Colleague: 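One structure is given below, represented as structure tokens, and several questions about it will come after.
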There are 2 protein chains.
Amino acid sequence: MTTQAIRKTRNPEQTRSDLLDAAYTEILESGFQAASLERILANTSVSKGALYHHFGTKRELGLAVIKEVIAPQLAARWFAPFTEHDDPLASLQRILEEKIRTADESVIRYGCPLNNLIQEMSPLDEEFRRGLQQILELWVEVMATALADGQQAQKVRADVAPKEVALFIVAAIEGCVGLGKNAQSVEAYQRCLRQLQLYVQSLAA
Amino acid sequence: MTTQAIRKTRNPEQTRSDLLDAAYTEILESGFQAASLERILANTSVSKGALYHHFGTKRELGLAVIKEVIAPQLAARWFAPFTEHDDPLASLQRILEEKIRTADESVIRYGCPLNNLIQEMSPLDEEFRRGLQQILELWVEVMATALADGQQAQKVRADVAPKEVALFIVAAIEGCVGLGKNAQSVEAYQRCLRQLQLYVQSLAA
DNA sequence: TTGACAAGATACCGCTTGGTCGGTATCTTT
DNA sequence: AAAGATACCGACCAAGCGGTATCTTGTCAA
């Protein structure tokens with residue numbers, strides 16, 4: 001009875017990836033709970049049947065976005081640069097400098113996707129929380145290791161506790177993004193990160 | 001036709017205040033968008049008619065929660081202590097110490113109501129954003145003034161920029177709460193605040 | 001005592017939501 | 001080429017949502 005077939009050729013991986021991308025955007029704009037499947041579908045021209053073929057529930061889709069979109073994105077933007085040099089403070093300063101330089105409307109408008117989901121979902125869904133926590137722990141660990149290495153190389157003060165300081169720096173970063181987001185001010189975000197730079201500088205041996 | 005009248009005696013102010021309290025809790029637990037009016041009503045035994053007599057829309061209720069519940073609460077817990085002494089760093093250390101000492105499950109579970117609403121609502125509703133921003137600006141201003149006073153009293157390093165540092169400290173606080181919340185760990189929250197204490201200490205003249 | 005209005009009650013509405021289901025088209029395997 | 005599995009389609013559904021309309025009742029000034 002039903003006439004269908006808009007998608008002539010099949011491409012399940014592409015479909016799945018399209019859904020993840022659209023879901024990521026929708027979640028970034030509206031949060032997870034308020035994210036509308038209909039809107040996601042409208043932005044992908046994927047049918048509801050296809051969606052529910054790839055993901056069992058909205059929740060599964062959300063979890064997949066965390067693992068397959070947000071985690072890699074943050075890894076590329078924040079973790080990777082640490083492995084490049086042996087002076088962690090210089091690396092961190094460079095990362096922060098880059099963030100300050102490239103700060104624009106889009107970052108300030110929707111903030112950090114990780115932080116957004118933490119505030120919204122971590123008290124409501126244990127599996128969401130674990131997914132987000134995994135990213136967070138990796139981030140802290142990468143930074144803590146870098147700081148410890150820096151201590152060995154005599155470039156970081158001996159009295160800093162790598163794990164604690166790494167935790168604090170991550171917290172400060174998320175805080176800066178959050179404040180910038182509410183002020184809707186790229187400049188406030190930059191001023192906040194500048195103070196973080198000064199703090200990082202104070203860790204030097 | 002309708003049999004009614006559960007509330008024998010009237011008390012409009014009490015009703016309003018009950019609604020604000022219940023809405024505050026519901027928003028804290030579910031976020032604003034996912035907050036259910038029906039659930040708020042169920043927790044107050046107030047009727048829908050009464051709710052819509054006091055508040056025109058759900059949105060108005062949310063804005064009232066920000067102005068009449070969250071703002072005073074934060075003022076009492078974070079701003080007020082500053083006015084008590086002339087050494088801002090000591091005041092801040094004392095506040096942080098207090099937060100570390102009294103940190104418990106409930107703080108860690110739902111996080112900071114201000115930060116929650118910022119992440120969720122500030123990109124979606126300009127009036128929400130302004131309401132939240134007002135609280136934020138007051139907070140930063142109180143702290144910046146205290147720092148500037150501290151500089152006059154030679155208790156704060158002369159090279160710190162009061163406004164910028166105040167902004168950073170607020171960001172760091174929100175960040176610490178956020179991380180503790182996702183880790184669901186009072187201890188992580190405390191460790192994070194301890195590093196903030198060390199930072200604050202480093203501002204001393 | 002009464003009239004007017006504020007406060008509160010409840011049934012109802014349109015709409016969106018996440019999710020289901022029977023069916024079809026394409027791809028892979030044999 | 002037949003068969004079976006995978007990918008996809010879209011109409012449909014119950015439930016919950018915020019909001020409205022119409023009503024009753026408590027309060028208090030005149």
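Because only heavy atoms are used, hydrogens play no part in the values below, and waters and symmetry mates are left out as well, while side chains stay in. Note that the structure is a prediction, hence the values are computed from the model and not measured. A, B, ... follow the sequence lines: proteins, then strands. Residue 1 opens every chain.
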Colleague: Against the six-membered ring of A/Phe32, is A/Lys58 placed for a cation-pi contact (under 6.0 Å from the centre, within 45° of the normal)?
Modeller: yes

Colleague: Starting from P on D/dC12, measure out to CD on A/Glu38 and report it in whole angstrom.
Modeller: 15 Å

Colleague: Whether the side chain of B/Arg157 engages the backbone of B/Ser202 through a donor-acceptor N/O pair (distance < 3.5 Å, no angle test) should be reported.
Modeller: yes

Colleague: Measure from CD on A/Gln33 to C1' on D/dG16 and round the result to the nearest Å.
Modeller: 14 Å

Colleague: Within the structure, does a side-chain N or O atom of A/His53 lie under 4.0 Å from either OP1 or OP2 of D/dC8?
Modeller: no

Colleague: Go through D/dT6, C/dA7, D/dG19 for me and flag the one nearest to the B/Lys58 side chain.
Modeller: D/dG19

Colleague: Hey, does the side chain of A/Arg59 come within less than 4.0 Å of C/dG19's phosphate (OP1/OP2), counting only N and O?
Modeller: no

Colleague: In terms of the nearest nucleotide of DNA chain D, which residue is placed more toward the 5' end: A/Pro12 or B/Ala35?
Modeller: A/Pro12

Colleague: Do A/Arg10 and C/dT26 have a side chain to base donor-acceptor pair shorter than 3.5 Å?
Modeller: yes

Colleague: Measure the distance from NE2 on A/His54 to P on C/dG18 and round it to the nearest whole Å.
Modeller: 19 Å

Colleague: Give one of base, sugar-phosphate or nothing for B/Arg16, where a contact means two heavy atoms less than 4.0 Å apart.
Modeller: nothing

Colleague: Nearest to the side chain of A/Tyr52, which nucleotide is it out of C/dA9, D/dG18, C/dT20?
Modeller: C/dT20

Colleague: Does a side-chain N or O from A/Thr15 land closer than 4.0 Å to OP1 or OP2 of D/dA7, or not?
Modeller: no

Colleague: Measure the distance from CG on B/Asn11 to C1' on D/dC28 and round it to the nearest whole Å.
Modeller: 16 Å

Colleague: Whether the side chain of B/Lys48 and the base of C/dG8 hold a donor-acceptor pair under 3.5 Å is what I'd like checked.
Modeller: no

Colleague: Within the structure, does a side-chain N or O atom of B/Ser47 lie under 4.0 Å from either OP1 or OP2 of C/dT10?
Modeller: no

Colleague: Rounding to a whole Å, what distance do you find between B/Leu41:CG and D/dC17:C1'?
Modeller: 12 Å

Colleague: Is there a side-chain contact between B/Thr9 and the phosphate of D/dG26, meaning an N or O under 4.0 Å from OP1 or OP2?
Modeller: no

Colleague: Would you say the side chain of B/Pro113 lies within less than 4.5 Å of the side chain of B/Tyr24, judging by non-hydrogen atoms?
Modeller: yes

Colleague: What is the distance, rounded to the nearest whole Å, between atom CZ of A/Phe55 and atom C1' of C/dT20?
Modeller: 18 Å

Colleague: Name the residue closer to the 5' end of DNA chain C, choosing between A/Gly49 and B/Ala50 according to the nucleotide with the nearest heavy atom.
Modeller: B/Ala50

Colleague: Between atom CZ in A/Phe32 and atom P in C/dT17, what is the gap in whole Å?
Modeller: 14 Å

Colleague: Quick one: does any side-chain atom of A/Gln119 pair with a main-chain N or O of B/Asn115 as donor and acceptor, under 3.5 Å?
Modeller: no

Colleague: How close or far is atom P of C/dT17 from atom CG of A/Leu51, stated in whole angstroms?
Modeller: 14 Å

Colleague: With no hydrogens and no angle check, is any side-chain donor or acceptor of A/Gln93 less than 3.5 Å from a backbone partner on A/Gln197?
Modeller: yes

